[in-house]
Number of protein chains: 2
Amino acid sequence: MRLPLKTEYACQVLAQLASRHDAGGVRQVEELAAAERLSPNYLVQILTTLRQAGIVISRRGKNGGYLLARPPGEITLAEIAVAMEGGSLIESSPGNGGESAGRVHDAWVRANEALMRSCAEIPLTELVPPPAEGEGVDWVI
Amino acid sequence: MRLPLKTEYACQVLAQLASRHDAGGVRQVEELAAAERLSPNYLVQILTTLRQAGIVISRRGKNGGYLLARPPGEITLAEIAVAMEGGSLIESSPGNGGESAGRVHDAWVRANEALMRSCAEIPLTELVPPPAEGEGVDWVI
DNA sequence: TTTAAAGTTGCGTCGTTTACTAATGTATTG
DNA sequence: CAATACATTAGTAAACGACGCAACTTTAAA
């Protein structure tokens, strides 16, 4: 099954926000879209979803833009995926009435839970490139 | 992201084959389709894919049908999913040229690998109900 | 206070994918 | 050879994804 581009774009734009999170300033849609080679119009929809999920904060009006709602270390792939898609990452059908439908569904629910645990251990900090030399911190994951 | 029905159906029909694997006989498409409430014509396509992946064996002609190629304990969710979908369970885009595209892709590749390991620990035996007492045929319509 | 920059929202649409149906082909048995 | 059951391919309708666009609202700055 294909990971929706929407979710992948969300990860990219959040990585972009995380990379300059120390600076504290807001980033505008046009700038973010250019850096990640995305359509600005589409990116707006993604950022709106992320804002409703409490992952980013937006400021309107002139000099507005977006910034992370929390430090990058506290935002994980699991949270991003849940924000962009429904409650579960892998969504299996409740059942079609077949003899084994229930047990098959249960098995995939467990697989989904395992995946969620794995994704909860990948924070945004792993998506941002190591800082250029001379600038700020020099720790490595 | 939604688990394709095709994959879920594959799990169901394999669970059905596993439930009577001890008997040793082949099962016909019509019977399997009735037990799992699936379209026979569609089920054939799924079984063909499973045969090409070496998970089931088919016999043609009169008294033909399907049976598992190996014991149910040796067939896992991971193998079934790989057979029905491409090589990877979670398929993320190679990248659109954005600054963070590569790292985001890598992260999802790792998430996929973790998922594959989890699914490799769920064998077919977990998809079949515990044998009913009396050991009789329970064909119900 | 005006103005223009920037986010917010909703609708529309086009192309792809999915989940099937159906028709025809092929192998096996008696 | 004829009956039976799997195999293959083509076709299709509905759903979904990935956008584009336009009108609206908010707010900093001139």
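Here is the naming used below: chain letters follow the sequence lines, and residue numbers restart at 1 for every chain.
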Residue whose nearest DNA chain D nucleotide is more 5′ - A:Lys62 or B:Glu30 = B:Glu30

B:Tyr42 vs D:dA7: side-chain N/O to OP1/OP2 distance below 4.0 Å = no

side-chain N/O A:Thr48 vs C:dG7 OP1/OP2, d < 4.0 Å | no

For A:Asn63 and for A:Leu5, locate the closest nucleotide of DNA chain D by heavy-atom distance; then report the residue assigned to the nucleotide nearer the 5' terminus.
-> A:Leu5

Drop me the distance from A:Gln45's CD to A:Leu50's CG, to the nearest 0.5 angstrom.
-> 12.0 Å

Between NZ of B:Lys6 and P of C:dT17 the distance, given in whole Å, is 12 Å

For B:Leu43 and C:dA22, give me the distance from atom CG to atom P, rounded to whole Å.
-> 16 Å

Would you mind checking if B:Glu99 and A:Arg37 are paired as a salt bridge, meaning a charged N to carboxylate O distance below 4.0 Å?
-> no

Ignoring backbone atoms, test whether B:Ser58 places a side-chain nitrogen or oxygen under 4.0 Å from the OP1 or OP2 oxygen of D:dA7.
-> yes

Any donor-acceptor pair under 3.5 Å from B:Ser118 side chain to B:Ala114 backbone | yes

From CG of A:Leu3 across to P of D:dA18 the rounded distance in Å is 9 Å

A:Glu85 bridged to A:Lys6 by N-O distance under 4.0 Å | no

Write down the distance between CG (B:Leu67) and P (D:dA5), rounded to a whole number of angstrom.
-> 16 Å

Measure the distance from CG on B:Leu47 to P on D:dA7 and round it to the nearest whole Å.
-> 8 Å

Under 4.0 Å between a side-chain N or O of B:Arg2 and OP1 or OP2 of C:dA19?
-> yes

Round to a whole Å and report the spacing from CZ of B:Arg60 to C1' of C:dA27.
-> 4 Å

Considering only side-chain heavy atoms of B:Gln45, which listed nucleotide, D:dA10, D:dC6, C:dG7, is closest?
-> D:dA10

B:Val44, nearest nucleotide to its side chain (from C:dT9, C:dA22, D:dT8) = D:dT8

So, is A:Arg51 near the phosphate of C:dT9, with a side-chain N or O under 4.0 Å from OP1 or OP2?
-> yes

Rounded to whole Å, CD of B:Gln52 lies from C1' of D:dC6 at a distance of 13 Å

Nearest whole angstrom, please: distance from the P of C:dA5 to the CZ of A:Arg27.
-> 21 Å

Between A:Arg70 and A:Glu79, is there a side-chain N and carboxylate O pair less than 4.0 Å apart?
-> yes

Residue-phosphate contact under 4.0 Å: A:Tyr9 side-chain N/O, D:dC19 OP1/OP2 | yes

Is any side-chain N or O of B:Arg59 closer than 4.0 Å to OP1 or OP2 of D:dA7?
-> no

